[in-house]
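Just so you know, these numbers come straight off a predicted model, no measurement behind them.
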Amino acid sequence: MEDMAAYTQDILDLIEWANGPVDSEWGRKRAEAGHPAPFNLKYVGVGNEEGFNDRFIPRFDYIRAVLKEKHPEITVIGTAGAGPDGHTFDEHWKHARATGVEIVDEHFYKDVEWFLNNLDRYDGYERNTTKVYIGEYACNTGSFQGNTFDTALCEAAFLTGLERNGDVVEMASYAPLLACDVTDQWVWKPDLIFFNNSEVKPSVNYQVQKLYGAHSGTEYWNTVVSAANQDPFVSQRIAASTVRDPQTGDIIIKLVNILPAPTTLDAVITNATHVASVATLQLLTAGSLADREATLTESTVPAGTRFPVELPAYSFAVLRLKTQ
């Protein structure tokens, strides 16, 4: 602890390098390095999968107190440990809520069944308290293998729950972003984007992330999509999320079918006017769940205030409707 003041000064220098004016010591160094404009750093993560113990917690509290005093505009993100549950996870969360930590970083690399069983994970989280940043997550097929279409579909389904709980989950970022596609040059799969000396090869999981990134909204609309079949096995393998982009007025419906058969869902839009009679449909499909590549097609389909949506077996669909 006697070294923490000097260590924390390094963090303060980092913030000044990122955000400080050009006439400050570290802002001037940033400008001299070719970037006079500030980077607008907003978050500082303190810790990464640490255990809950009397070594880490006092140091975390020390750093956070200094940053809150010197830079109240910076949000300090805490850690929940290395997994999505257990003693360490619970104790970190208790400490975060008791001390007012704004955001906690959760990590999980889990298999298909875990993701299917956790589509509603954040439905029961406390509102109006510490928020969640899912800093590392990915679906795998065991022994850190993945990047198959079934893992991508499970991630797509899981993300519908994150949109539904946007008041709890502030941010999410995928597991390892880049991996060298040369034998023995990665620690594990899945990874999002593979590369070698001559090409970049986005994974099938990247296709899902890209669709979510391109079709986001700021308003969540519940009870827009329903399924006639309420069998638990079926409902666990069908996921839906509806958001609205107020700037364009577009309603965006994301649908995931992890069933081996086609299914038809019913979409009802009651709280919008002048809903377009057609919608654009982007559909991600593959030949089998084991495939490492998928096909993305775009078309138009009939829409309106009420319309059926037909999903092929093993598919992820994004519908976009114009409204006023």
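- Of all the heavy atoms in Ala267 and Ile253, the pair that sits closest is CB-CD1, 4.4 Å.
- Residues satisfying the side-chain hydrogen bond (donor to acceptor under 3.5 Å, both in side chains) test with Asp61, not counting sequence neighbours, are His95.
- In this structure, Phe39 and His35 have parallel ring planes: the angle between them is below the 30° cut-off, well short of the 60° mark.
- Contact record, Ala272 with Trp221: CB-CH2, 3.8 Å, taken as the closest heavy-atom pair.
- Glu136 and Tyr109 are linked by a side-chain donor-acceptor pair at a separation below 3.5 angstrom, with hydrogens and angles left out of the test.
- Looking at residues two or more places apart in sequence or on another chain, you find a side-chain hydrogen bond (donor to acceptor under 3.5 Å, both in side chains) between Lys94 and Glu91.
- Between Cys139 and Phe158, the closest side-chain pair of non-hydrogen atoms is not below 4.5 Å.
- Annotation: side-chain hydrogen bond (donor to acceptor under 3.5 Å, both in side chains) contacts of His215 (sequence neighbours excluded): Gln282, Arg320.
- A side-chain donor from one of Asp13 and Gln9 sits under 3.5 Å from a side-chain acceptor of the other.
- Side-chain contact between Arg292 and Val204 is absent, with no heavy-atom pair separated by less than 4.5 Å.
- Under the 4.0 Å criterion applied to side-chain N and carboxylate O atoms, Glu219 and Arg244 are assigned as salt-bridge partners.
- The stretch residues 111-121 participates, sequence neighbours left out, in these side chain to side chain donor-acceptor pair (under 3.5 Å) pairs: Glu106-Arg121, Asn117-Gln236, Arg121-Tyr125.
- In this structure, the side chains of Ile63 and Ile11 come closer than 4.5 Å at one or more pairs of heavy atoms.
- With salt bridges taken as basic N to acidic carboxylate O contacts below 4.0 Å, one links Arg306 and Asp266.
- Tyr174 and Glu155 share a side-chain donor-acceptor pair at under 3.5 Å.
- Taking 4.0 Å as the cut-off between side-chain N and carboxylate O, Lys131 and Glu102 do not count as a salt-bridged pair.
- A side chain to side chain donor-acceptor pair (under 3.5 Å) check over residues 37-52, counting only residues at least two apart or in different chains, returns the pairs Glu49-His107.
- Contacts of Ser235 classified as side-chain contact (heavy atoms from CB on, under 4.5 Å), with partners at least two apart in sequence or in another chain: none.
- Contact record, Gly100 with Arg64: O-NH2, 2.7 Å, taken as the closest heavy-atom pair.
- The two residues Trp17 and Arg30 come nearest to each other via the heavy atoms O-NH1, 2.8 Å.
- Put simply, the side chain of Asn147 gets close to the backbone of Asp191: a donor and an acceptor are under 3.5 Å apart.
- Put simply, the side chain of Phe149 reaches to within 4.5 Å of the side chain of Leu284, judged on heavy atoms.
- A donor and an acceptor atom, one from each side chain of Asn205 and Thr151, are located under 3.5 Å apart.
- Contact check for Leu153 versus Leu289: side-chain heavy atoms found under the 4.5 Å cut-off.
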